[in-house]
Structures are given as C-alpha cells and as structure tokens.
Amino acid sequence: MTDRVSLRPAEMKDAETLFIWRNDPATREASHNQDVIGLDAHIKWLSSSLNKPDLRLLWIAEMDGVAVGTCRADRLENAWELSWTVAPEARGKGFAHQMLSKLVRGFDEPLVAQVKAGNIASMKLAERAGFALDKQEHGVLFYVYPNTFSMAD
Ligand SMILES: CC(C)(COP(=O)(O)OP(=O)(O)OC[C@H]1O[C@@H](n2cnc3c(N)ncnc32)[C@H](O)[C@@H]1OP(=O)(O)O)[C@@H](O)C(=O)NCCC(=O)NCCS
C-alpha cells in the first residue's frame, strides 16, 4: 500500500477531535483509564501536554489533510512509551500501520508500548513496526523497540 499518511504535531485546535477519539468505546476499552473524560479535563490535559514537550509528544496523523489518528510518546527514564489511536471511522484501512511505522523510524531512542492481551490489531501493529514482546504481566503485553532493548535495562 502506498504510504500516504503524514504526521504533524498536535495543537490546541485538535482538542475536539482528540476528545471524541478519547471517549470512543474501543479507545477506552484499550486504555488503562476507561473513564469517560469531560471536555474541561481534556482541554486541561491537552494544554498541559503541549507545554511539556520534553515529557510528552503528541502527533496527529493525516490522510489527504484529514485527521485519521493520533500517537503519543511519554518520556520514561530510559525510553519513550508510545500509544496510538485511529479515528473510529478510519479503522481497518491500514492507517495505523503507516502512522506507527513512520513514527518509529523517526525515533533514535528505545521505545516501549503496552498493549492489552486481546487487542489483536495493536499486537499485529507493534510486531509489524518492529517491536518485540519483552514481557506479559496482568493481561498486558509490553513491547520494546529495538528488539535488543529490555524494560529491565
Ligand atoms: C488498534 C487500532 C489503532 C488499529 O487501527 P487500524 O487503522 O484499524 O489498523 P490497521 O488497519 O493498520 O490494521 C493493523 C492490523 O490489525 C488487523 N486488524 C485491524 N482491526 C482488527 C480487529 N478488529 N481484529 C483483528 N485484527 C484487526 C489488520 O488486519 C492489520 O493486520 P495485518 O497487518 O495482518 O493486515 C484501532 O483499532 C484503534 O484505534 N483502536 C482503539 C484504540 C486502541 O486500541 N489503541 C491501541 C492501544 S495499545
């Protein structure tokens, strides 16, 4: 498939789109915090996230100028932790794979990702993007990139 998804940094103007995606049932099901988030709390979260780029990075994936997904990287001590969501209406079209592969190629530091066991699409995505399974704990799979990295490092 032609790689047509582009990535740009998220901005405050993306607040409503990110809010809708965050409260989508499948997104909540895949998240540690499954609560429905209120708009005020979401706007505060986005604003504070955009103000600490040394600790958190947020991207919007676009297809022909339309937002189709988002990725987040959270700073850990020795790696960045990635998470991802595709717009509900844009799922199942290969956008997640393009978005994640592009993002991974742009990093020069180790990456980790937590995927709930049973989230088959995300397990496939992580593996196709080059992540390796490091460990499984309490129903959560911990993936690492590159495959020589371990969370115990
Ligand atoms: C998980 C998610 C990002 C996948 O996005 P997507 O754009 O549908 O993914 P893709 O189309 O790139 O498909 C990725 C792979 O998963 C497979 N897949 C997609 N949906 C699937 C499903 N419901 N069940 C099983 N496999 C599925 C695809 O066939 C593809 O596999 P392939 O590489 O063998 O062809 C999207 O469903 C989503 O945002 N879900 C809610 C939030 C979430 O789960 N985030 C991840 C938390 S770790």
Side-chain angles (χ1 to χ4, degrees), residues 1-11 13-39 41-43 45-46 49-50 55-107 109-147 149-151:
M1 186 192 303
T2 322
D3 194 355
R4 290 173 60 201
V5 169
S6 59
L7 288 170
R8 63 162 174 83
E11 302 170 46
K13 71 173 187 189
D14 302 306
E16 191 182 343
T17 302
L18 290 171
F19 176 67
I20 293 167
W21 295 351
R22 169 61 182 82
N23 280 334
D24 164 66
T27 309
R28 289 196 287 118
E29 169 76 29
S31 306
H32 289 304
N33 176 357
Q34 302 198 346
D35 299 343
V36 173
I37 307 285
L39 184 58
H42 172 72
I43 286 176
W45 174 86
L46 182 60
S49 297
L50 297 179
L55 296 177
R56 175 171 292 150
L57 298 164
L58 283 171
W59 294 266
I60 299 289
E62 289 182 335
M63 175 77 174
D64 297 332
V66 176
V68 294
T70 182
C71 285
R72 183 172 105 209
D74 286 304
R75 179 83 247 180
L76 305 181
E77 199 179 323
N78 53 356
W80 288 92
E81 179 167 339
L82 289 192
S83 52
W84 49 81
T85 303
V86 163
E89 67 278 7
R91 289 176 188 159
K93 298 178 181 170
F95 295 157
H97 175 63
Q98 291 184 42
M99 173 173 83
L100 194 57
S101 301
K102 194 162 263 186
L103 194 65
V104 166
R105 286 198 302 271
F107 268 89
E109 289 180 85
L111 303 172
V112 304
Q114 296 189 33
V115 176
K116 285 189 181 173
N119 190 341
I120 307 292
S122 285
M123 291 160 64
K124 284 184 176 179
L125 279 168
E127 283 161 25
R128 276 186 69 194
F131 283 80
L133 183 61
D134 187 47
K135 60 177 181 176
Q136 177 167 1
E137 275 175 9
H138 310 297
V140 177
L141 307 172
F142 290 81
Y143 285 93
V144 291
Y145 180 96
N147 59 12
F149 180 73
S150 166
M151 294 191 76

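As the structure is a prediction and not an experimental result, all values here were calculated from the model. Every number for a ligand or one of its atoms is a count from 1 in the order of the listing. The first residue in the sequence is number 1, and the count goes up from there.
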side-chain hydrogen bond (donor to acceptor under 3.5 Å, both in side chains), paired with Y143, selected from Q114, E127, K135: E127
Ligand-residue contact atoms, ligand 1 with K93, heavy atoms, under 4.0 Å: 11 (O)
Nearest-neighbour protein heavy atom for atom 19 (C) of ligand 1, which is reported as residue plus atom name and distance: A121 CB, 3.6 Å
What are the two closest non-hydrogen atoms of T70 and W59, and how far apart are they? OG1-O, 2.8 Å
List the closest protein heavy-atom neighbour of atom 35 (O) of ligand 1: residue, atom name, distance to the nearest 0.1 Å. R128 NH1, 3.8 Å
Any nitrogen or oxygen of D24, side chain or backbone, less than 3.5 Å from one on ligand 1? no
Give the residue, atom name and distance (to 0.1 Å) of the protein heavy atom nearest atom 1 (C) of ligand 1. S122 OG, 3.3 Å
How long is the straight-line distance from CE of M63 back to OG of S6, given to the nearest 0.5 Å? 9.5 Å
Scanning both residues in full, the closest heavy-atom pair of Q34 with R28 reads O-NH1, 3.0 Å
Tell me, which protein residue and heavy-atom name are nearest atom 11 (O) of ligand 1, and how many Å apart are they? G94 N, 2.7 Å
Between CD of E11 and CG of L18, what distance do you get to the nearest 0.5 Å? 11.0 Å
Identify the protein heavy atom lying closest to atom 3 (C) of ligand 1, giving its residue, its atom name and the separation to 0.1 Å. W84 CD1, 3.6 Å
Between S83, A26, G69, A96, which one has a non-hydrogen atom sitting closest to atom 9 (O) of ligand 1? A96
Any N or O of Q114 closer than 3.5 Å to N or O of ligand 1: no
Hey, is CD on Q136 packed in by over 12 heavy atoms from elsewhere, all under 6.0 Å? yes
Evaluate A90 for polar contact with ligand 1, using N/O atom pairs at a separation under 3.5 Å. no
With no hydrogens and no angle check, do the side chains of R22 and T27 hold a donor and an acceptor under 3.5 Å apart? no
Within-cut-off N or O pair, L125 and ligand 1, under 3.5 Å: no
Has G92 got any heavy atom lying under 4.0 angstrom from an atom of ligand 1? yes
Test side-chain contact (heavy atoms from CB on, under 4.5 Å) applied to V68 and I60, step by step: CA-CA 8 Å; V68 294; I60 299 289; over 6 Å; no
Reported SG-to-CE distance for the pair C71 and M99, which is rounded to 0.5 angstrom: 3.5 Å
For ligand 1, find out whether one of its N or O atoms is nearer than 3.5 Å to an N or O atom of T85. no
Using a 4.5 Å cut-off on heavy atoms from C-beta on, say whether the side chain of D134 contacts that of N147. no
Which heavy atom of the protein is the closest neighbour of atom 44 (O) of ligand 1, given with residue, atom name and distance? N119 ND2, 2.9 Å
Report the member of I120, L100, V5, T27 with the shortest heavy-atom distance to atom 25 (C) of ligand 1. I120
Kindly determine whether R75 and E109 satisfy salt bridge (charged side-chain N to carboxylate O under 4.0 Å, His left out), including the steps that lead there. CA-CA 11 Å; R75 179 83 247 180; E109 289 180 85; 2.9 Å; yes
Quick one, F131 and L111 - any side-chain contact, counting heavy atoms below 4.5 Å? yes
Is there at least one protein heavy-atom neighbour under 4.0 Å from atom 32 (P) of ligand 1? yes
re atom 29 (O) of ligand 1, the protein heavy-atom contact at minimum distance is K124 NZ, 4.3 Å
What do you think, any protein heavy atom under 4.0 angstrom from atom 21 (C) of ligand 1? yes
What protein heavy atom lies closest to atom 37 (O) of ligand 1? Include the residue and the distance to one decimal. R91 CD, 3.4 Å
